[in-house]
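The structure under discussion appears below in the form of structure tokens.
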Amino acid sequence: MRKVLIILPLMVCTYANADDCESIVALSRVVQTTTQNKGTVESNANYFCSEYSKGTSTSSDMKFGAAFKFLSASYGNSNATVTDVASKYCKSGQDSRESNDAYRQYIESIAPGAYESYQQCIKMKNDTQFNVDSVLPKEFSISIGFASSDLHTQNASLAYSTSDGVTCAWNDSKTKSTIVPSGATTFLECKRSNQTQRSYVKVIRTDTAKNPPLTLNWQAYNDQGFPVDTLSAFDNRLKNIEMEISQQQQYSVIGFMSDNCPSGWVPVPNAQGRFLRGIDSSGSTTTDPDGKRVPGSVQEDMIAKHTHTYQSGFHEGQSNNGTGADPNKKNPQLVNTDEGKSKFGELGSETRPKNMAVLFCTKIIN
């Protein structure tokens, strides 16, 4: 007896509104999103690309509304950027239209390797209809309907072949072929022993050589029931992010509140006990008297040349030698000032702003 299992979260569902050939994408799907038809995808791509071409590429995803959300869902995560979507679905240059293969990009994103199966299904739609009913890691079922477009052809002869480890049955029959009268529907149920390996099932019309076999690629799942390709894609994306971060950190100088640099980092000798100062790439001596400096070069302490203006204690016409002279005395005396304290706090051996000690480190370049 034919069974349709509904088990979550392992099942990758197809929906009642999925149009025939779109439903076969479910077998290869790695993104948990409803498979949409070609018209819906192209409509959203056209609107998005039209807005993108207006120079709004730097705008937030909110600018593109539902079209961006729809297209970015094919990535299987919420990290897709406006540029990511544009590079996949839009033509290059200033063209405001979607690319010619927008739907292929969509199918291949949510179900790698499924576009050829989709195309073959379209070619056979004149008289043969395919609809995947349910997909589980170890079993799936597909209904195949036949409606003759030729008065001389009253029946369709169907057969299947599979990869190793997969077994199928026509309406619970163990034979590999079946006859479908015009206007009728038959069901093919397939099972496999190992869900961790990618499999396939081929369905062919044996009564005509007009169409090649329809190949259904069956996604591999891990022991927890998640598509292996999805995990692989996430793993590759994570590695790419880690690589980007690592490249960005090379040649950077970062302060750590620690006595030692973390693994993969080394101290910056020239930065020990010093503040960091940005390089003036213009070479102007207005902001830095040394102009455009070499990265890692250091500058020693310096106080800019300046003048203090004060009121002298001497009367005009007097001739007295020495500094700090008292105008009421004939012999001026030297006066020692206390420079150890001020109303702002302690005075010391250097001029500095308020600060916190950190260890400056840089990434090891591999």
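The first residue of the sequence shown is numbered 1, and numbering continues consecutively from there. Model, not experiment: these values are computed from the prediction.
Under the 3.5 Å distance criterion, the side-chain polar atoms of Ser50 are left unmatched by any main-chain donor or acceptor of Asn46. A donor-acceptor pair under 3.5 Å is absent between the side-chain atoms of Ser258 and the main chain of Cys261, judged by distance alone. Proximity of a side-chain donor or acceptor of Ser23 to a complementary backbone N or O of Val132 within less than 3.5 Å is detected.
Residue Phe360 belongs to a hydrophobic cluster whose other members are Val253, Met257, Val268, Leu276, Met356, Val358, with links defined by side-chain heavy atoms closer than 4.5 Å.
Under the ring pair (Phe, Tyr, Trp, His ring centres under 6.0 Å) criterion, Phe256 pairs with Trp265, not counting sequence neighbours. Listed by chain and number, the residues in a ring pair (Phe, Tyr, Trp, His ring centres under 6.0 Å) with Tyr89 amount to none (sequence neighbours excluded). By the ring pair (Phe, Tyr, Trp, His ring centres under 6.0 Å) test, Tyr103 pairs with Tyr106, Tyr118, sequence neighbours left out.
By the criterion of side-chain heavy atoms lying less than 4.5 angstrom apart, applied directly or through intervening Ile, Leu, Val, Met, Phe, Trp or Tyr residues, Tyr251 is not grouped with Ile254; the two fall into different hydrophobic clusters. Met124 and Ile204 fall into different hydrophobic clusters, where Ile, Leu, Val, Met, Phe, Trp and Tyr side chains are chained together by heavy-atom contacts under 4.5 Å.
The side-chain heavy atoms of Gln129 and Ile144, taken from C-beta on, include no pair separated by under 4.5 Å. Between Cys168 and Glu189 there is no side-chain heavy-atom pair separated by less than 4.5 Å.
Residue pairs meeting the disulfide (SG to SG under 2.5 Å) criterion with at least one partner in residues 278-308, sequence neighbours excluded, do not occur; the list is empty. The salt bridge (Lys or Arg N to Asp or Glu O under 4.0 Å) contacts involving residues 251-275 comprise Arg274-Glu300, where partners must be two or more places apart or lie in separate chains.
A cation-pi geometry, defined here as NZ or CZ lying under 6.0 Å from the six-membered ring centre and within 45° of its normal, does not hold between Arg198 and Trp218.
With rounding to the nearest 0.5 angstrom, the CG atom of Leu216 is 5.0 Å from the CD1 atom of Ile142. Here Arg192 contributes atom CZ and Lys138 contributes atom NZ; the two are 9.5 Å apart, rounded to the nearest 0.5 Å.
Arg104 has no carboxylate O lying under 4.0 Å from a charged side-chain N of Glu108, or vice versa, which leaves the two without a salt bridge. By the 4.0 Å N-to-carboxylate-O rule, Asp127 lies close enough to Arg205 to be salt-bridged with it. Electrostatic pairing of Asp280 and Lys292 does not count as a salt bridge here, judged by no charged N lying under 4.0 Å from a carboxylate O.
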